[in-house]
There are 2 protein chains.
Amino acid sequence: MTEKTNPSPAVIKAWARLMRVSRQLVERAEDALKDSSLPPLAWYDVLHELAEAGEGGLRPFQLIERTLFAQYNISRLLARLEADGLVEKLRVADDGRGQTIRITGKGRETRRRMWAVYGRSIVELVGARLSNDDLETLSALLGRLRYPAALE
Amino acid sequence: MTEKTNPSPAVIKAWARLMRVSRQLVERAEDALKDSSLPPLAWYDVLHELAEAGEGGLRPFQLIERTLFAQYNISRLLARLEADGLVEKLRVADDGRGQTIRITGKGRETRRRMWAVYGRSIVELVGARLSNDDLETLSALLGRLRYPAALE
DNA sequence: TCTATATAGATGCATTTGCATCTACTGGCA
DNA sequence: TGCCAGTAGATGCAAATGCATCTATATAGA
C-alpha cells in the first residue's frame with residue numbers, strides 16, 4: 001500500500017484560498033502603509049521584535065529565527081534600518097563575529113506610527129469580518145499547519 | 001462614538017498565524033519545486049489558468065484578474081514563458097492592441113510535472129494535517145476574508 | 001598549540017520586482 | 001472625419017531578492 005499523494009478537492013480548495021487570501025491581505029496592508037508613506041511590513045516585523053527585546057537588543061541570527069527572513073535578507077534589511085537611524089549595531093563582547101542590534105528612539109517612534117496604520121488594517125481586513133469564536137477556530141487550524149510540526 | 005481601530009489579541013494572533021503559516025507553506029512548496037529543478041509557483045499559476053482555458057487561450061488582462069499578479073509582472077512572466085516555449089502569443093483579430101496567450105504542448109507537460117510535485121506538497125503540508133471537516137471549516141473562514149468582500 | 005570544522009554576518013552578481021511612463025490601438029463624440 | 005479619453009501591454013530604471021561565496025571568529029580535537 002502506497003502513500004496517498006493526490007490532493008482531494010477539499011485540500012486544494014483550502015490551499016488555494018489560503019494562498020489567495022494571504023496574498024491579498026498582505027498586499028492591502030502594504031498598500032495602506034505606502035499610502036501613509038511608511039516603510040514596508042518587513043521593517044515592522046523587525047522593529048517589532050527589537051522593541052519586544054528591549055535594551056538588550058537581539059543578535060541578527062535571533063531575528064532570523066523569529067522572523068523567517070533569509071540571512072542575507074536580514075543582513076541587508078538591518079543595513080537599511082541602520083542607515084535610517086532606526087536601529088544601531090553594537091559590538092558584542094564575548095563573540096567577536098557577532099553584533100547586537102538595538103532599536104533606537106526613532107525606531108520606536110517609526111514602529112508606533114506603522115502600528116497605527118497596520119493595526120487598523122488588521123481590524124478592517126480580519127477583525128471586522130470574523131467573530132471572536134471564528135478567530136479562535138482559525139488560529140487553532142492554522143496552528144496545526146505550523147512548522148516544526150506540532151504533535152499530531 | 002468612534003470606530004474601533006485597536007486590534008484585539010484574538011485578531012492579532014489570527015493575523016500573525018496567517019502571515020507566518022502562509023509564508024512557510026509557500027516557501028516549502030517553492031523549495032520542493034526547486035529540489036526537482038522545476039520552475040517557481042508563479043509559473044504554475046499561469047500555466048494552470050491557461051490549461052483550464054483550453055485552446056481559446058486567455059488575454060493577459062484576464063490572467064491578471066485571475067491570478068492577482070501585477071500587470072508588469074504578467075507581462076514579463078509571459079515573456080519568460082514564451083522564451084521557454086511553454087506558451088505562445090497570438091495576435092487577436094478584433095483588438096489590435098491585444099494578444100491571446102495559449103499554452104503549448106510543452107507547457108502542458110511542464111504543468112503536469114509541476115503538479116506532481118506541487119500536489120504532493122499540498123497533501124503533506126495541509127492534507128495530512130487536517131481532517132475533511134477541518135478543511136471545510138478553514139475554507140469557509142478564509143472565504144470570508146476574500147476581496148471583494150462577500151456579503152457579511 | 002595547531003589544525004579542521006562550524007558559525008556569524010557581509011557581499012558580488014544575476015534575476016526579479018516595483019514604479020512610472022510609454023506606445024499603440026480603441027471607442028465615444030463633436 | 002478628427003480629436004480625446006480610455007484600455008492593452010511593454011519597458012527603462014531603481015530597489016529588492018536569491019544564490020553562492022567570502023571573511024572573520026569560535027570551538028573541538030589531535
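All heavy atoms count here, side chains included; hydrogens, waters and symmetry mates do not. Order of the sequence lines fixes the chain letters, A, B, ..., with proteins taken first and strands second; residue numbering starts at 1 for each chain.
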> For the side chain of B:Arg76, counting heavy atoms from C-beta on, which of C:dG18, C:dT26, C:dC13 is nearest?
C:dG18
> Check the phosphate of C:dA10 against A:Gln99, side-chain N and O only, distance under 4.0 Å to OP1 or OP2. Yes or no?
yes
> Would you please confirm or rule out a distance under 4.0 Å between OP1 or OP2 of D:dA10 and any side-chain N or O of B:Lys89?
yes
> Write down the distance between CG (B:Asp84) and P (C:dT15), rounded to a whole number of angstrom.
13 Å
> Look at the side-chain N and O atoms of B:Arg80 and state whether any lies under 4.0 Å from the OP1 or OP2 oxygen of C:dT17.
yes
> To the nearest angstrom, how far is A:Arg91 atom CZ from D:dA26 atom P?
11 Å
> What is the distance from CG of A:Asp94 to P of C:dT7, rounded to the nearest Å?
17 Å
> Please report the distance, rounded to the nearest Å, between CD1 in B:Ile74 and P in D:dA10.
10 Å
> Looking only at N and O atoms, is any donor in the side chain of B:Arg97 or the base of C:dT26 less than 3.5 Å from an acceptor on the other one?
no
> How about B:Leu33 and B:Met114: do any of their side-chain heavy atoms sit closer than 4.5 Å?
yes
> Between A:Ala42 and B:Ile64, which is nearer to the 5' end of DNA chain D once each is assigned its nearest nucleotide?
B:Ile64
> Nearest whole Å is fine: how far is D:dT17 P from B:Glu30 CD?
15 Å
> Taking the nucleotide of DNA chain D with the nearest heavy atom to each, does A:Asp95 or B:Thr100 sit closer to the 5' end?
B:Thr100
> For a quick check under 3.5 Å, do A:Thr137 and A:Asp134 share a side-chain donor-acceptor pair by atom type?
no
> Output the rounded distance in Å from CD1 (B:Ile101) to P (D:dA8).
14 Å
> Verify the contact: side-chain N or O of A:Arg59 to OP1 or OP2 of C:dT7, cut-off strictly under 4.0 Å; return yes or no.
no
> Would one find a side-chain N or O of B:Asn73 under 4.0 angstrom from OP1 or OP2 of C:dT16?
no
> So, is A:Lys34 close to the C:dC19 phosphate, meaning a side-chain N or O under 4.0 Å from OP1 or OP2?
yes
> Side chain of B:Tyr72 only, heavy atoms from C-beta on: which candidate in D:dG18, D:dG9, C:dT17 is closest?
C:dT17
> Between C1' on D:dA8 and CG on B:Leu58, what's the gap in Å once rounded to a whole number?
15 Å
> Using the side-chain heavy atoms of A:Gln71, tell me which of these nucleotides is nearest: D:dA26, C:dA10, D:dC19.
C:dA10
> Round to the nearest Å and state the distance from B:Phe61 atom CZ to D:dA10 atom C1'.
16 Å
> Do A:Glu49 and A:Leu58 come within less than 4.5 Å of each other through their side chains, counting heavy atoms only?
yes
> Within the 4.5 Å heavy-atom criterion, are B:Val87 and B:Leu50 side-chain neighbours or not?
yes
> Check whether any side-chain heavy atom of B:Trp43 lies under 4.5 Å from a side-chain heavy atom of B:Leu86, and answer yes or no.
yes
